[in-house]
Amino acid sequence: MRYSKAFIYTLKENPSDTTSLSHSLLIRGCYIYQHASGIYNFLPLGFRVLSKIWKIIQEEMDKIGAQELLMPALHTSNLWLKTNRYYTMDNVLFKFKDKKGVDMLLGPTHEEIITDIVAHFVKSYKNLPLLLYQIQVKFRDELRPKGGLIRGREFIMKDLYSFHASLECLDKTYNDVYKAYTNIFERLNLPFEVVEAHSGAIGGDVSHEFMLITPNGEDKFIKCMNCGYTASTEIAKINKPSFSYSYKPIDLKILEEKHLIHTPNTSTIEALVKHLNKTEKDFVKSILYKDNENNFYLVLIRGDKEVNEIKLNKYLGKEVFLADESDFKSNNWVLGYIGPVNLNNRHKIKIIADYSIVNLKDIIVGANKKDYHFINLSFENLEVNEFADISVATDNDECFRCSGKYKVYQALELGHIFKLGTKYSEALQAYFMDENNKLKPIIMGCYGIGVSRLVSAIVEAYSLENSITWTFNSAPYKIHIITINTDDKIQFEKSLNLYNELISKGIEVLWDDRKESAGVKFKDWELLGIPFLVVIGNKIKDNMVELKFNPNFYKTLKNEIFEKIANYQNLSVEYNQIALIVNDIIEFLNKNINLK
RNA sequence: CGGGGUGUAGCUCAGCUUGGUUUAGAGCGCGUGCCUUGGGAGCACGAGGUCCGCGGUUCAAAUCCGCGCACCCCGACCA
């Protein structure tokens, strides 16, 4: 492509409404253009990058025997009513009526549709396993879109679904996909961690997320510094401390005389910390939950920690919700000052303590009296019914496997794989006949990659403030040529020849043939992020040109691979050799990055 | 959905507090010409505006008031 004809309009300044690196650079480099909140155009450059990622995913899907299809993005409500997700996913669904008044929605994911297809055609174990996937636009009316392509309301996803006659078969495919995802991210040179994850609205028991560590991500996971265990903070288990608890009640009179203190307007931990000049860890928070049958649960947790409702629900075996003001009123509990000592209507509440309060001494809790707290209590003075692991894992929590310390990482979710089981096949009656003539629900798995999100993930992974760094396989062009002075006949003609020669070798080239000053061209090269640059300037008179690498390109490659080409960066080479050298570098990288 | 912020040229922003010398501006970008060509050059001329929208106050509104809308950020939520 000749730059003078290309649809590239770069910006010198950061757009005013971007905060993340990838969002800003993708707009400045003319890769994307915003249509509305969370909705973006992929401009020609951006679409080239997207297409490259797209193709690699297709290749790896093909390798594990998955067949590509294309489902509609426009759905009627009927299948969604059968799984009840018409209501349970309501917060992200784009819903509307067609002209006949039929309830319609834009597909946020395709479990319903694919299961319906498979239910229609597949009747026998002889047709299983079956792997079907598509790469398609998805619609989710996110409450808060974020960071450009990082979280959009319209985005492109690869969704693969697998169908099996047995759990063993599902396990095998799950592992195949795990490997395929590893290949995809390695070919894109995207660093990632695989973490155990929560399956959320999709459902199922086992799931793993593929995460890129980056401050602009929107998820957190923990990693054990000792054994390497990784898990989303949504589910990460924490080691049970060794302790013995025997309830030691304090006489009411002593309690009032020695432990009760006046703490006006301190219904939050933050206010208390200030008022009493203590740290968060000196408090035990009491949080009231209730279930659908109006049973109450008071959860105790150390002041600096947070309740993990996913773990709490799992522990209780049912879904619980924060109690509201009316619950407090009708039971004579004091909102903001509820606590596990001297509590009214005690028989109505089960008190569950997180392990984080174990062995605490000299702690402060709500006194069940407006504007009062108890101080100087030990954890054995609290009326605990049960101890459990129900907190969100944080730095320095102990690993439940090896007692090592956890570290928390901010991360961006690149892919997510799930063992679904029969949730959808039962709801949509996808049954098959097994070899004993028995009718059974098909066992399913589903596996997603945020294809458009990967574009910004790659930018997040390596880029500098004014310079994108594409990885070898994601770059829109492999080679960028700058002709310093296009009015110079020799420079221009030699550039044109090189450009044509590289193209004839099948190499993707962007040739900056504009009548711009050298500085403009160098800055644009850096911004656009193409890995290799050939500069043709004055020295062409001596038959010499230069080869440069994108400033961060070395970071995208494993050391041993980069070492093989490192000698070529910032090198003056003879014009006659440059095409050969470029070709060698590209062939070498092609071979070594796409090995598997 | 709660909290905060922003909205003036293609982009980044000034002007708004205290309404009227601003005939709505600057830099960048864009067009033409000259000049220049190894790190976002220079000079000259030029094009480009629903000051987010609607309503109100006023002799007079980009500026003050009200109601909307859009976008961004934090939180909540979320493959």
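In what follows, every chain begins at residue 1, and chains take the letters A, B, ... in the order their sequences are listed.
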A.B. asks: Any idea which of B:C30, B:C78, B:C71 is nearest the A:Glu516 side chain?
C.D. replies: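 The answer is B:C30, which lies nearest to the side chain.
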A.B. asks: B:C72 phosphate, OP1 or OP2: any side-chain N/O from A:Ser37 under 4.0 angstrom?
C.D. replies: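 It does, given that an N or O in the side chain of A:Ser37 lies less than 4.0 Å from OP1 or OP2 of B:C72.
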A.B. asks: Using whole Å, what does the distance between atom C1' of nucleotide B:A79 and atom CG of A:Asn91 come to?
C.D. replies: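 Those two atoms, CG and C1', are 12 Å apart.
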A.B. asks: What integer number of Å spans the C1' atoms of B:U50 and B:A61?
C.D. replies: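 It comes out at 15 Å once rounded to the nearest Å.
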A.B. asks: Can you check the distance between B:G2 and B:G20, where both ends of the measurement are the P atom (answer in whole Å)?
C.D. replies: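 Straight-line distance between the two P atoms is 37 Å.
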A.B. asks: In whole Å, what is the span from the CD atom of A:Glu13 to the P atom of B:A14?
C.D. replies: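 Roughly 12 Å, once rounded to whole Å.
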A.B. asks: Indicate, with a heavy-atom threshold strictly under 4.0 Å, whether A:Asn485 touches base, sugar-phosphate, or nothing.
C.D. replies: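 Counting heavy atoms under 4.0 Å across all strands, the contact made by A:Asn485 includes a base.
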A.B. asks: Where is the tightest heavy-atom contact between A:Ala411 and A:Met211, given as atom of each residue plus distance?
C.D. replies: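 Scanning both residues, the minimum pair turns out to be CB-CB, 3.9 Å.
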A.B. asks: Please determine, for the side chain of A:Thr10, which listed nucleotide (B:G75, B:G40, B:G38) has the closest atom?
C.D. replies: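 For the A:Thr10 side chain, the nearest candidate turns out to be B:G40.
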A.B. asks: Hunt down the Watson-Crick or G-U wobble partner of B:U37, both distances under 3.5 Å, from any strand shown, or write none.
C.D. replies: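 Across all strands, not a single nucleotide pairs with B:U37.
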A.B. asks: What's the verdict on side-chain hydrogen bond (donor to acceptor under 3.5 Å, both in side chains) for A:Thr83 and A:Tyr424, showing C-alpha distance, side-chain angles and the deciding distance?
C.D. replies: CA-CA 7 Å; A:Thr83 59; A:Tyr424 295 94; over 6 Å; no
A.B. asks: Using the P atom on both, measure B:G10 against B:U18 and round to a whole Å.
C.D. replies: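 After rounding to an integer number of Å, I get 31 Å for this pair.
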A.B. asks: Could you work out which one of B:A76, B:G39, B:A79 sits closest to the side chain of A:Leu143?
C.D. replies: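 Minimum distance to the A:Leu143 side chain belongs to B:A76.
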A.B. asks: Nearest to the A:Arg28 side chain among B:G40, B:G38, B:C77, which nucleotide is it?
C.D. replies: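 Selected nucleotide: B:G40.
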A.B. asks: Compute whether any side-chain donor of one residue and acceptor of the other, for A:Thr214 and A:Asn216, lie under 3.5 angstrom apart.
C.D. replies: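 Short answer, no.
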A.B. asks: Cation-pi between A:Lys95 and A:Tyr86: NZ/CZ under 6.0 Å from ring centre and within 45° of the ring axis?
C.D. replies: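 Yes, a cation-pi geometry.
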A.B. asks: Without decimals, in angstroms, what is the distance between A:Arg153 CZ and B:C78 C1'?
C.D. replies: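 The distance from CZ of A:Arg153 to C1' of B:C78 comes to 15 Å, rounded to the nearest Å.
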A.B. asks: Whole angstroms only, please: what is the CG-P distance between A:Asp17 and B:C73?
C.D. replies: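 So the two atoms are 8 Å apart, to the nearest Å.
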A.B. asks: Reckon A:Gln34 has a side-chain N or O less than 4.0 Å from the OP1 or OP2 of B:C72?
C.D. replies: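 True: A:Gln34 side-chain N/O within range (under 4.0 Å) of B:C72 OP1/OP2.
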A.B. asks: In the structure shown, which nucleotide is the Watson-Crick or G-U wobble counterpart of B:A62, with both distances under 3.5 Å?
C.D. replies: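 B:A62 is paired with nothing.
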A.B. asks: From the set B:C74, B:A79, B:C77, return the single nucleotide nearest to any side-chain atom of A:Lys146.
C.D. replies: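 Selected nucleotide: B:C74.
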A.B. asks: Does any nucleotide pair with B:G19 by Watson-Crick or G-U wobble geometry, both distances under 3.5 Å, and what is it?
C.D. replies: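 B:G19 is unpaired by these criteria.
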A.B. asks: Tell me: CZ of A:Phe522 to P of B:G38, nearest whole Å?
C.D. replies: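 The distance from CZ of A:Phe522 to P of B:G38 comes to 9 Å, rounded to the nearest Å.
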A.B. asks: Check every strand shown and say whether A:Gly147 touches a base, only sugar-phosphate, or nothing at a heavy-atom separation below 4.0 Å.
C.D. replies: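 Touches sugar-phosphate only.
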A.B. asks: Looking for any heavy atom pair under 4.0 Å, which part of the strands does A:Asp488 touch: base, sugar-phosphate only, or nothing?
C.D. replies: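 Nothing, no heavy atom under 4.0 Å.
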A.B. asks: Between B:C78 and A:Arg140, counting only base atoms on the nucleotide and side-chain atoms on the residue, is there a donor-acceptor pair under 3.5 Å?
C.D. replies: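 No, the side chain and the base share no sub-3.5 Å donor-acceptor pair.
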A.B. asks: Whether A:Ser517 contacts B:G40 is assessed here as follows: a side-chain N or O lying under 4.0 Å from the phosphate OP1 or OP2. Is that the case?
C.D. replies: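 No, A:Ser517 has no side-chain N/O under 4.0 Å of OP1/OP2 on B:G40.
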A.B. asks: Relative to the 5' end of RNA chain B, which residue comes earlier, A:Lys521 or A:Glu209, by the nucleotide with the nearest heavy atom?
C.D. replies: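 Looking at the nearest nucleotide for each, A:Lys521 comes out on the 5' side.
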A.B. asks: What is the separation between atom OH on A:Tyr33 and atom P on B:C11, rounded to the nearest whole Å?
C.D. replies: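 Rounded to the whole Å, the gap is 7 Å.
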A.B. asks: Is any side-chain heavy atom of A:Ser162 closer than 4.5 Å to a side-chain heavy atom of A:Leu170?
C.D. replies: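 Yes, close enough: below the 4.5 Å cut-off.
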A.B. asks: What does B:C71 pair with, Watson-Crick or G-U, if both distances are under 3.5 Å?
C.D. replies: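 Its partner is B:G5.
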A.B. asks: Any side-chain donor-acceptor pair under 3.5 Å between A:Glu546 and A:Asn570?
C.D. replies: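 Checked: A:Glu546/A:Asn570 side chains show no N/O donor-acceptor pair below 3.5 Å.
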A.B. asks: OP1 or OP2 of B:U12 versus the side-chain N and O atoms of A:Ser16: is any pair under 4.0 Å?
C.D. replies: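 The answer is yes; a side-chain N or O of A:Ser16 sits under 4.0 Å from OP1 or OP2.
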A.B. asks: So what does A:Gly450 hit on the nucleic acid, given a heavy-atom distance under 4.0 Å: a base, only sugar-phosphate, or nothing?
C.D. replies: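 Base: the residue A:Gly450, judged by heavy atoms under 4.0 Å, touches a nucleobase.
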A.B. asks: Without hydrogens or angle criteria, can the side chains of A:His110 and A:Lys138 be said to hold a donor-acceptor pair below 3.5 Å?
C.D. replies: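 The criterion, which ignores hydrogens and geometry beyond distance, is satisfied for A:Lys138 and A:His110.
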A.B. asks: With side chain to side chain contact (heavy atoms under 4.5 Å, CB included) as the test, pick out the partner of A:Leu510 among A:Asp524, A:Ile481, A:Leu528.
C.D. replies: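 The passing option is A:Leu528.
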A.B. asks: Side chain of A:Met157, heavy atoms from C-beta onward: which of B:U36, B:G38, B:A79 has the nearest atom to it?
C.D. replies: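 My answer, after comparing the listed nucleotides, is B:A79.
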A.B. asks: Mind checking if A:Asp487 touches a base, just sugar-phosphate, or nothing, with heavy atoms under 4.0 Å?
C.D. replies: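 Base: the residue A:Asp487, judged by heavy atoms under 4.0 Å, touches a nucleobase.
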A.B. asks: Can you tell me, in whole Å, how much space there is between the P of B:G19 and that of B:U12?
C.D. replies: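 Between the two P atoms, the distance is 30 Å.
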A.B. asks: Between B:C77 and A:Arg144, is there an OP1 or OP2 to side-chain N/O distance shorter than 4.0 Å?
C.D. replies: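 Checking B:C77 against A:Arg144, no side-chain N or O comes under 4.0 Å of OP1 or OP2.
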A.B. asks: Give one of base, sugar-phosphate or nothing for A:Val92, where a contact means two heavy atoms less than 4.0 Å apart.
C.D. replies: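 Nothing, no heavy atom under 4.0 Å.
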A.B. asks: What is the distance, rounded to the nearest whole Å, between atom CG of A:Asn538 and atom P of B:G39?
C.D. replies: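 Spelled out: CG on A:Asn538 to P on B:G39 is 12 Å.
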A.B. asks: Does atom CD of A:Gln34 have more than 12 heavy-atom neighbours from other groups under 6.0 Å away?
C.D. replies: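 Enclosed: over 12 neighbouring heavy atoms sit under 6.0 Å from CD of A:Gln34.
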A.B. asks: With rounding to the closest Å, how many angstrom separate the C1' atoms on B:G48 and B:C34?
C.D. replies: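 After rounding to an integer number of Å, I get 24 Å for this pair.
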A.B. asks: For nucleotides B:G53 and B:C69, find the distance between their P atoms and express it as a whole number of Å.
C.D. replies: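 Those two atoms are separated by 15 Å.
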A.B. asks: Where each residue is assigned the nucleotide of RNA chain B containing its nearest heavy atom, which of A:Thr486 and A:Glu234 is assigned the position nearer the 5′ end?
C.D. replies: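 Upstream on the strand: A:Thr486.
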A.B. asks: Could you give the NZ-to-C1' distance, from A:Lys12 to B:G39, as a whole number of Å?
C.D. replies: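 Answer to the nearest Å: 12 Å.
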A.B. asks: Which one is paired to B:A44, where only Watson-Crick or G-U wobble pairs with both distances under 3.5 angstrom count?
C.D. replies: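 Looking at the geometry, B:A44 pairs with B:U32.
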A.B. asks: What integer number of Å spans the C1' atoms of B:C73 and B:A62?
C.D. replies: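 One C1' to the other, the span is 26 Å.
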A.B. asks: Rounded to whole angstrom, note down the C1' distance from B:U21 over to B:G68.
C.D. replies: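 It works out to 34 Å between them.
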A.B. asks: NA contact type, A:Pro15, heavy-atom cut-off 4.0 Å: base, sugar-phosphate, or nothing?
C.D. replies: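 Sugar-phosphate contact only.
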